[in-house]
Every structure is written in C-alpha cells, then in structure tokens.
Amino acid sequence: MTQEIIRSLAVHGVRYSYRVLPRDGRNEPAATEPVLVLGGALQGMYGWPQMDEHLGPLTDVVTADLPGMGTADPLPPGPAAGVLRDAVTAIVDDLGAPRINLFGFSYGAAIAFGWARHAPARVARLVLGGVPVHIGEAQRAYWRRAAERLAEGDQEGFAALAADGLMCLDPDRPVHRGELARRYVRRSFLHALRGDSPHTVDSLHRALGDRPEFTGGLSGVPALVFAGEHDTVTSPERQREFAATIEGSRFLTLPESDHWVVLERSDEVAALVADFLTRPLLPHQAAEPEPHALPYPDTDVWGGPRRTRPTVTPP
C-alpha cells in the first residue's frame with residue numbers, strides 16, 4: 001500500500017504541515033508534475049479523497065493544512081496573502097520539484113492564483129475552480145447573520161446559515177446531490193467548531209472578509225478555470241471574465257452544481273483536472289521539462305524522522 005508522507009514546516013513563526021501521497025508505480029515516469037491541491041477554509045489535507053483516487057496513479061498528490069487551517073497554527077493579525085504565499089513557496093521548495101501543477105478551489109483559488117503570479121516559471125499548469133472574484137452582499141449578509149448566531153452560542157444555527165450562504169437554494173435551479181452536499185457542509189462546520197479545527201471562525205471570516213487580488217492577469221502558464229453553473233458566491237459570468245485575464249486559458253461550467261461543485265460533481269471535477277494536467281500542450285505553449293520523482297529527504301525540517309502512516313479517507 002502506498003503510504004502518505006507528512007512534512008512539518010514553518011513560515012513567519014507559524015507552524016503548518018503538508019501531506020504527500022506518492023504515486024503508485026514509481027519505477028515508471030510520472031504522467032505529469034506533482035499536483036498541489038489548495039482548498040477552501042474547510043478543506044485541509046484530508047479533504048480531497050477524489051483527487052487521491054484520480055490523480056494518484058498519475059503523479060504525486062500534495063495537500064496541506066496551510067497556516068490558519070486544520071491543524072496549523074493560526075494566522076497572525078493583518079493581511080494573510082503574504083504568509084500564505086510564503087507557505088506555498090516553502091512547500092514547493094521542500095518538495096524539491098522544479099515545477100508543480102497547482103489546483104486551487106474557492107479560497108484556495110485566491111492562494112493558487114497569487115502564487116502563480118508570484119512564481120509563474122514554477123507552475124507547470126494551473127486549475128482554478130469556484131473563484132471568489134466577487135462576493136456579493138447576499139452572501140455577506142448570510143455570514144453576518146451566521147456570526148451573530150455563533151456569538152449567541154448557537155453552533156447549529158451558525159453551521160446552517162454559513163452552509164446555506166455558500167449554496168444555491170433556488171428550487172428552479174436544480175443542483176445534483178445538492179441536499180447531500182448541504183448536509184456535508186453543515187456537518188463539516190460543526191466538526192470544525194467542536195475541535196477538528198480551532199481556527200474555523202477566523203478562517204471563514206478571512207475567506208469572506210479578505211479582498212484577494214485577482215487583477216493583473218497572468219501569462220505563460222496553461223490554465224483552466226471552472227465553475228458550477230449555479231454558483232451564487234461568484235457568478236459564472238464573473239468567473240469567465242476573470243479567466244479571460246489569463247492568457248490562453250480555458251473556461252467551462254459544470255451543469256447542475258453551485259459553489260460546492262467539488263462535492264456535487266466530485267468525480268467529474270477530478271477527471272477534468274486529471275485530463276487537463278496530462279493532455280499534450282498546444283504548439284504555442286512552452287515545452288515542459290520531464291516530470292520526475294521527488295527527492296524526499298529522510299528527515300523533516302525539525303530534524304526528526306519523517307512520519308508516515310497509511311492513507312485515510314475522512315468520514
């Protein structure tokens with residue numbers, strides 16, 4: 001059985017960790033560079049079993065509890081973008097990979113896009129989904145009401161409102177497995193509040209309150225942007241406009257899904273990402289260096305032995 005590898009890092013005095021699921025069959029060349037998966041405020045290093053399944057046979061899959069998420073230390077006061085950018089840089093440096101594939105969803109899309117602009121030469125291909133280019137007043141109103149519930153000690157009410165504010169509840173716009181995703185998101189909020197992640201509230205405040213920078217465009221990086229057709233956090237039209245600022249990018253919508261398209265269409269999203277990361281580049285795009293196995297050192301950055309444990313699937 002392939003065993004995952006957990007690495008501990010620190011930036012700006014903030015400790016965090018990342019996980020590598022090494023590709024099966026490492027005697028054969030990888031189909032593409034390792035892929036670093038960056039999710040939303042509720043999706044840490046164990047929130048992507050579908051990516052493990054679809055991408056694991058092709059390349060090394062890397063997930064993380066970035067600063068302020070999951071088991072990591074909380075983010076320091078002030079803007080988070082610089083700390084998170086440096087955290088991603090430290091992961092890529094620690095991997096020893098000349099280039100990586102980068103997948104970012106929701107809040108993670110802002111981190112991924114910012115890092116791609118910071119270090120485009122180190123990004124083989126970029127995939128962004130549910131990009132929060134613009135968070136409307138309706139979603140902010142949901143969040144304010146949810147925060148009031150939490151301040152009153154009503155965790156159930158908070159979880160319900162916070163989840164509903166991120167989903168399409170219009171009966172005239174059907175969402176595949178929408179109710180199942182809704183229950184999952186509510187349960188995830190409750191689990192995080194009750195001890196799984198001590199930074200849940202702060203992370204969500206930042207995800208909805210921070211104004212990530214999506215201007216300036218990007219060139220030299222093959223990119224795919226996707227959205228659920230009923231995304232109520234940021235409309236597909238706004239996400240399409242954003243995609244147009246990335247030179248040569250592709251944009252598509254997935255039917256009967258909303259902002260939580262990665263839950264409602266999990267297999268389709270994973271297959272889409274796998275296809276994009278492995279398809280031949282177009283003639284006008286730069287040639288890629290040969291993918292290679294990562295040179296993982298034998299000790300972590302604290303000087304202790306590397307920790308391994310069997311891959312697990314979250315409930």
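No hydrogens, no waters, no symmetry mates; every other heavy atom, side chains included, goes into these values.
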Asks: Met51 vs Val269, test: side chain to side chain contact (heavy atoms under 4.5 Å, CB included). Steps then yes/no.
Replies: CA-CA 9 Å; Met51 293 298 182; Val269 168; 4.1 Å; yes
Asks: Regarding Tyr18 and Asp94, is there a side-chain donor-to-acceptor distance under 3.5 Å anywhere?
Replies: yes
Asks: Show me the donor-acceptor pairs, under 3.5 Å and distance only, between side chains in residues 109-122 and residues at least two apart or in other chains.
Replies:
| unit_1 | atom_1 | unit_2 | atom_2 | d |
| --- | --- | --- | --- | --- |
| Trp115 | NE1 | Thr89 | OG1 | 2.7 |
| Arg117 | NH1 | Gly216 | O | 3.1 |
| Arg117 | NH1 | Gly217 | O | 2.6 |
| Arg122 | NH1 | Asp93 | OD1 | 2.9 |
| Arg122 | NH2 | Asp93 | OD1 | 2.9 |

Asks: Do Phe189 and Leu166 have side chains that get closer than 4.5 Å, going by heavy atoms?
Replies: yes
Asks: Thr234: which residues meet the side-chain contact (heavy atoms from CB on, under 4.5 Å) condition with it, sequence neighbours left out?
Replies: Pro132, Val133, Arg238, Gln239
Asks: Using distance alone, with no hydrogens and no angle criterion, decide if Asp65 and Thr71 have a side-chain donor and acceptor under 3.5 Å apart.
Replies: yes
Asks: Say whether Thr32 and Asn101, considering side chains only, have a donor N or O and an acceptor N or O under 3.5 Å apart.
Replies: yes
Asks: Does Thr232 form a side-chain hydrogen bond (donor to acceptor under 3.5 Å, both in side chains) with His259? I'd like the steps, not just the answer.
Replies: CA-CA 7 Å; Thr232 55; His259 187 70; over 6 Å; no
Asks: Please check this pair: side chain of Arg265 against backbone of Pro255, looking for a donor-acceptor N/O pair closer than 3.5 Å.
Replies: yes
Asks: Test side chain to side chain contact (heavy atoms under 4.5 Å, CB included) on Leu190 and Glu156 and set out the steps.
Replies: CA-CA 7 Å; Leu190 284 174; Glu156 294 276 355; 3.6 Å; yes
Asks: Given side chains that start at C-beta, do those of Val20 and Val61 come closer than 4.5 Å, heavy atoms only?
Replies: no
Asks: If Ile, Leu, Val, Met, Phe, Trp and Tyr residues are connected whenever their side-chain heavy atoms lie under 4.5 Å apart, and connections chain through other members, are Val88 and Val131 in the same group?
Replies: yes
Asks: So do Ile100 and Val35 actually touch side chain to side chain, heavy atoms under 4.5 Å?
Replies: no
Asks: Please determine if Arg145 forms a cation-pi arrangement with Tyr142, meaning its NZ or CZ atom is less than 6.0 Å from the six-membered ring centre and no more than 45° off the ring axis.
Replies: yes
Asks: Do the side chains of Val83 and Pro76 get nearer than 4.5 Å, heavy atoms only?
Replies: yes
Asks: Is it true that Phe103 and Trp48 have ring centroids separated by less than 6.0 Å?
Replies: yes
Asks: Would a 4.5 Å heavy-atom cut-off, applied to side chains only, mark Val14 and Leu75 as touching?
Replies: no
Asks: Are the charged groups of Asp60 and Arg19 less than 4.0 angstrom apart, N to O?
Replies: no
Asks: Looking just at side-chain N and O atoms, do Ser257 and His230 make a donor-acceptor pair shorter than 3.5 Å?
Replies: no
Asks: Are Leu252 and Leu272 side-chain neighbours, meaning at least one heavy-atom pair lies under 4.5 Å?
Replies: yes
Asks: If you define the side chain from C-beta out and look only at heavy atoms, does anything of Leu95 sit under 4.5 Å from Val62?
Replies: yes
Asks: Under the 3.5 angstrom rule, does the side chain of Asp73 hit a backbone N or O of Arg15 as a donor-acceptor pair?
Replies: yes
Asks: Given the rule in the side chain to side chain contact (heavy atoms under 4.5 Å, CB included) test, do Arg186 and Asp164 qualify, once you have shown the distances and angles that lead to the verdict?
Replies: CA-CA 8 Å; Arg186 286 185 178 185; Asp164 289 354; 3.2 Å; yes
Asks: Side-chain contact, heavy-atom cut-off 4.5 Å: Leu128 with Leu224?
Replies: no
Asks: If the threshold is 4.0 Å, N to carboxylate O, is there a salt bridge linking Arg182 and Glu179?
Replies: yes
Asks: State plainly whether the residues Glu137 and Arg144 are in salt-bridge range, i.e. N to O under 4.0 Å.
Replies: yes
Asks: If hydrophobic clusters are built from ILVMFWY residues whose side chains come within less than 4.5 Å, do Leu169 and Tyr184 share one?
Replies: yes
Asks: How far apart are the C-alpha atoms of Val127 and Leu102, what are their side-chain angles, what is the distance that settles it, and do they pass the side chain to side chain contact (heavy atoms under 4.5 Å, CB included) test?
Replies: CA-CA 6 Å; Val127 183; Leu102 198 53; over 6 Å; no
